[in-house]
Amino acid sequence: QVQLVESGGGLVRPGDSLRLSCAASGSTLSNHRTAWFRQAPGKEREFVAIISGTGGSTFVADSVKGRFTISRNNVKNQVYLEMNSVKPEDTAIYYCAAELGGVLPASSRNRMSPDKYRYWGQGTQVTVSS
């Protein structure tokens, strides 16, 4: 059983940078592929990025490609989301999710669908506003 806790959210201005952290306990996160999702008010939960258990493979949604980077530190049992050049449309609750198995699925649907992840954090709010 994996427990996930996100941190690092807050209020930032357009163009700013922010780093979210996802800390795991209860199990070794390196055995899990880990992803970030986000959910804005009135919208469905949206895939943002995923990273393999070793950190050697990543996949990022087109909506954030070139601005967001996912990484991990398996010594600290943490996964990160580096957010650069943030925009108002990045405003959402950001969730960390994990599923057993470190290899990224070949199917995009299996990478990006929330129902493919068993473990979830409570989320951290990111608000981008001037």
Side-chain angles (χ1 to χ4, degrees):
Q1 192 79 4
V2 179
Q3 290 81 43
L4 303 172
V5 178
E6 303 92 338
S7 62
L11 173 63
V12 294
R13 296 183 183 277
D16 282 355
S17 296
L18 196 65
R19 189 175 86 153
L20 306 183
S21 298
C22 172
S25 61
S27 185
T28 302
L29 200 57
S30 60
N31 295 334
H32 299 72
R33 51 190 177 273
T34 310
W36 287 95
F37 287 78
R38 65 186 183 184
Q39 189 164 19
K43 295 189 176 182
E44 293 187 353
R45 195 163 293 192
E46 174 191 20
F47 170 84
V48 176
I50 185 176
I51 189 166
S52 64
T54 63
S57 297
T58 62
F59 178 72
V60 179
D62 288 343
S63 58
V64 302
K65 193 169 292 182
R67 299 189 298 120
F68 291 9
T69 302
I70 188 170
S71 62
R72 68 191 306 150
N73 183 327
N74 285 339
V75 174
K76 293 186 176 181
N77 221 25
Q78 294 187 5
V79 172
Y80 310 101
L81 184 69
E82 189 77 36
M83 305 168 62
N84 297 314
S85 302
V86 296
K87 304 175 182 180
E89 51 263 43
D90 295 322
T91 295
I93 299 174
Y94 283 72
Y95 298 91
C96 178
E99 179 57 48
L100 187 64
V103 178
L104 297 192
S107 161
S108 293
R109 183 189 181 282
N110 289 343
R111 296 180 182 187
M112 301 171 65
S113 178
D115 62 10
K116 297 300 182 182
Y117 295 83
R118 190 176 328 180
Y119 307 107
W120 290 85
Q122 294 292 95
T124 185
Q125 175 71 48
V126 173
T127 303
V128 183
S129 175
S130 55

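This chain uses plain numbering: 1 for the first residue, then up along the sequence. Note that these values count all heavy atoms, side chains included, but never hydrogens, waters or copies made by symmetry.
By the criterion of side-chain heavy atoms lying less than 4.5 angstrom apart, applied directly or through intervening Ile, Leu, Val, Met, Phe, Trp or Tyr residues, I51 is grouped together with V64 in one hydrophobic cluster. V79 and V126 fall within a single hydrophobic cluster, where Ile, Leu, Val, Met, Phe, Trp and Tyr are joined by side-chain heavy atoms under 4.5 Å apart, directly or via other members.
Enclosure of atom CD in Q122 is not indicated, since only 12 or fewer non-hydrogen atoms of other residues, nucleotides or ligands lie within 6.0 angstrom. Counting non-hydrogen atoms of neighbouring residues, nucleotides and ligands closer than 6.0 angstrom, the CD atom of E44 reaches no more than 12 such neighbours.
When Y94, F37, F68 are each tested for a ring-ring contact (aromatic ring centres under 6.0 Å, His included) with F47, only one passes: F37. Paired with R118 under the rule side-chain hydrogen bond (donor to acceptor under 3.5 Å, both in side chains), one option of H32, Q1, E99 passes, and it is E99.
Between the S107 side chain and the R109 main chain, a donor and an acceptor come within less than 3.5 Å of each other. Under a 3.5 Å cut-off, the side chain of E6 and the backbone N or O of C96 do form a donor-acceptor pair.
Separation of atoms OH (Y119) and CG (L100) is listed at 6.5 Å; rounding is to 0.5 Å. In this structure, the separation between OG1 on T124 and CG on L20 is 6.0 Å, given to the nearest 0.5 Å. Here S85 contributes atom OG and D16 contributes atom CG; the two are 9.5 Å apart, rounded to the nearest 0.5 Å. Between atom CZ of residue R72 and atom OG of residue S21 there is a gap of 13.0 Å, rounded to the nearest 0.5 Å. The OG1 atom of T91 sits 7.5 Å away from the CD atom of Q125 when rounded to the nearest 0.5 Å. In this structure, the separation between CG on N74 and OG1 on T28 is 9.0 Å, given to the nearest 0.5 Å.
Between L4 and L29, some side-chain heavy-atom pair lies under the 4.5 Å cut-off. The shortest side-chain heavy-atom distance between P105 and R33 falls under the 4.5 Å cut-off.
Under the 3.5 Å distance criterion, with hydrogens and angles disregarded, no donor-acceptor pair is assigned to the side chains of Y80 and E82.
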Pair V128-E89, side chain to side chain contact (heavy atoms under 4.5 Å, CB included): steps then yes or no: CA-CA 8 Å; V128 183; E89 51 263 43; over 6 Å; no

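A49 and L81 get closest at one heavy-atom pair: CB-CD1, 4.4 Å. Heavy-atom minimum distance, Y117 versus R111: OH-O, 2.5 Å. For the pair L104 and S52, the tightest heavy-atom approach, listed with the atom from each and the gap, is CD2-N, 3.6 Å. In plain terms, the two heavy atoms of N77 and S27 that are nearest each other are ND2-O, 3.1 Å. Between P14 and S130 the shortest heavy-atom distance is CD-N, 3.7 Å. Contact detail for W36 and I70: the closest heavy-atom pair is CD1-CD1, 3.6 Å.
Electrostatic pairing of K87 and D90 does not count as a salt bridge here, judged by no charged N lying under 4.0 Å from a carboxylate O.
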